[in-house]
Protein chains: 2
Amino acid sequence: MTTRWLTPEEQRAWRAYIGAALLLEDALDRQLQHDAGMPHMYYSILSNLSESPERRLRMTDLAERLKITRSRLTYAVARLEKDGLVRREECRWDKRGSVAALTDEGMTVLERTAPGHVATVRAALFDHLTPEQVGQLEEIFSGVTQALQGGEPADVPWLRRSCSGE
Amino acid sequence: MTTRWLTPEEQRAWRAYIGAALLLEDALDRQLQHDAGMPHMYYSILSNLSESPERRLRMTDLAERLKITRSRLTYAVARLEKDGLVRREECRWDKRGSVAALTDEGMTVLERTAPGHVATVRAALFDHLTPEQVGQLEEIFSGVTQALQGGEPADVPWLRRSCSGE
DNA sequence: CGGGCTTGGTTCAAGTTTTAAGCAAATCTA
DNA sequence: TAGATTTGCTTAAAACTTGAACCAAGCCCG
């Protein structure tokens with residue numbers, strides 16, 4: 001089958017997205033590293049826990065929400081636990097399972113650093129968007145999420161996680 | 001000053017974006033690792049070189065286009081050079097400078113793997129977007145780029161690269 | 001010219017991510 | 001219910017990224 005290259009419009013959109021995504025993550029990481037001593041993903045872990053019932057979540061559930069691998073999460077939680085911001089507990093119903101729980105200290109750090117984080121997100125993104133654009137953003141990217149993990153990418157095998165070798 | 005939290009619409013948009021961006025980079029990395037033996041950023045380096053006059057670019061220019069640090073680029077080019085896909089040359093006008101040049105072998109790898117990459121980008125993103133959404137995507141993210149490096153973030157100091165310590 | 005500042009690029013250590021195993025508890029199935 | 005498979009999570013090694021030095025070449029200005 002002959003390749004359908006990107007149209008000029010698509011190319012511009014793609015380049016704009018790729019570049020901005022890099023700059024954005026970079027800005028978030030830098031601000032949070034500076035103010036909270038951790039990268040954005042680690043902050044997201046705390047944030048996600050803080051919104052969960054009992055401020056705790058099983059590792060796999062947390063990994064799924066964050067869209068990261070369990071392995072990556074294991075490493076990150078180990079660091080956060082060493083810093084005293086998260087505590088590991090064992091799951092009562094499933095003895096294999098382990099649960100990450102936000103500590104009081106973790107909650108405190110989160111509360112202290114949340115305003116700066118929100119301000120960064122606004123300064124980098126939302127301050128420049130109209131309300132319509134906010135809607136468009138959600139529309140576009142919830143579709144992407146759908147495509148990449150919701151739907152059945154039957155014809156695009158390399159998009160599946162752990163497609164065994166070949 | 002009292003924090004302006006994200007509205008529910010903004011929160012939805014932000015979460016959709018963060019999640020999808022992670023999934024997307026992950027899908028691109030996995031496909032390119034599988035087909036070309038390198039992550040997306042490394043592919044972008046080759047791609048960017050291939051479009052430049054003489055298929056070569058100074059390190060700093062390349063880093064700027066890719067929106068990455070020079071340090072990161074140095075490491076990446078070292079790997080690509082070891083693989084024979086890129087060659088380092090010295091700059092004639094400025095003896096400090098070094099130039100990255102795409103080799104014939106690098107060009108071959110690029111040509112062989114480009115179709116699969118484009119197909120992935122389509123499957124993950126553009127196949128689900130209307131032409132209007134493509135325009136919206138570019139509009140939104142070129143604004144972000146502008147905000148993060150074009151404009152003068154005078155009031156948001158942590159967004160500047162290498163804001164000296166404090 | 002000669003000292004300071006800037007620029008282009010690399011290096012090194014510490015931190016993070018990926019990938020492929022690995023292990024043990026749960027679940028399925030005959 | 002034994003044996004095979006799956007699920008939940010961790011580990012270890014290799015690859016990659018970050019951030020702070022560092023060095024040398026260009027630049028500025030007396």
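All chains are named by letter (A, B, ...) in the order of the sequence lines, taking the proteins before the strands, and each is independently numbered beginning at 1. Computed from a predicted model, the values in this text were never measured in an experiment.
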B:R70 has its side chain closest, among D:dG8, C:dG9, C:dT11, to C:dG9

In whole angstroms, the gap separating P of D:dA24 from CE of B:M59 amounts to 19 Å

Note: contacts of residues 72-81 of chain B with DNA chain D (heavy atom, under 4.0 Å) are B:R72, B:Y75, B:R79

Residues passing the side chain to side chain contact (heavy atoms under 4.5 Å, CB included) test with B:E54, sequence neighbours excluded, are B:R56

Quick note, side chain to side chain donor-acceptor pair (under 3.5 Å) partners involving residues 15-25 of chain A, not counting sequence neighbours, are A:Q11-A:R15, A:R15-B:E51, A:E25-A:H40

In whole angstroms, the gap separating P of D:dT17 from CD of A:Q33 amounts to 17 Å

B:L57 CG to C:dG8 C1', in whole Å, measures 14 Å

Closest to the 5' end of DNA chain C, once A:G37 and B:T60 are matched to their nearest nucleotides, is B:T60

Applying side-chain hydrogen bond (donor to acceptor under 3.5 Å, both in side chains) to A:E138 and not counting sequence neighbours gives B:R12

Sequence neighbours excluded, the answer for side-chain hydrogen bond (donor to acceptor under 3.5 Å, both in side chains) partners of B:E9 is B:T7

Taking only side-chain N and O atoms of A:S71, does any of them lie within less than 4.0 angstrom of OP1 or OP2 on C:dA20? no

Atom CG of A:L32 and atom P of D:dT18 are separated, to the nearest Å, by 15 Å

Atom CG of A:D26 and atom P of C:dT16 are separated, to the nearest Å, by 15 Å

Residue set satisfying side-chain hydrogen bond (donor to acceptor under 3.5 Å, both in side chains) with B:D94, at least two apart, ordered chain then number -> B:R96

Applying side-chain hydrogen bond (donor to acceptor under 3.5 Å, both in side chains) to A:E139 and not counting sequence neighbours gives none

Could you tabulate the donor-acceptor pairs under 3.5 Å formed by side-chain atoms of residues 77-85 of chain B, not counting sequence neighbours?
residue, atom, partner, partner atom, Å
B:R79, NH1, B:G37, O, 3.4
B:R79, NH1, B:D83, OD2, 2.8
B:R79, NH2, B:G37, O, 3.1
B:E81, OE1, B:R88, NH1, 2.9
B:E81, OE2, B:R88, N, 3.2

Here the ring-ring contact (aromatic ring centres under 6.0 Å, His included) pairs for residues 46-90 of chain B, sequence neighbours left out, are none

**Q.** Ionic contact status for A:R65 with A:D61, cut-off 4.0 Å
**A.** no

Here the distance between atom P of C:dA26 and atom CZ of A:R58, to the nearest Å, is 10 Å

Across all chains, not counting sequence neighbours, the salt bridge (charged side-chain N to carboxylate O under 4.0 Å, His left out) partners of B:E90 are none

Rounded to whole Å, the CD-P distance (B:E25 to C:dT16) equals 20 Å

When rounded to whole Å, the NE2 to P distance for the pair A:H34 and D:dG19 reads 12 Å

Aromatic ring pairing A:F126/B:W14, orientation class (parallel under 30°, perpendicular over 60°, tilted between) | perpendicular

Here the residues of residues 39-47 of chain A within 4.0 Å heavy-atom distance, strictly under, of DNA chain C are A:P39, A:Y42

Contact check, residues 88-103 of chain B vs DNA chain C, heavy-atom distance under 4.0 Å, returns B:R88, B:R96, B:G97, B:S98

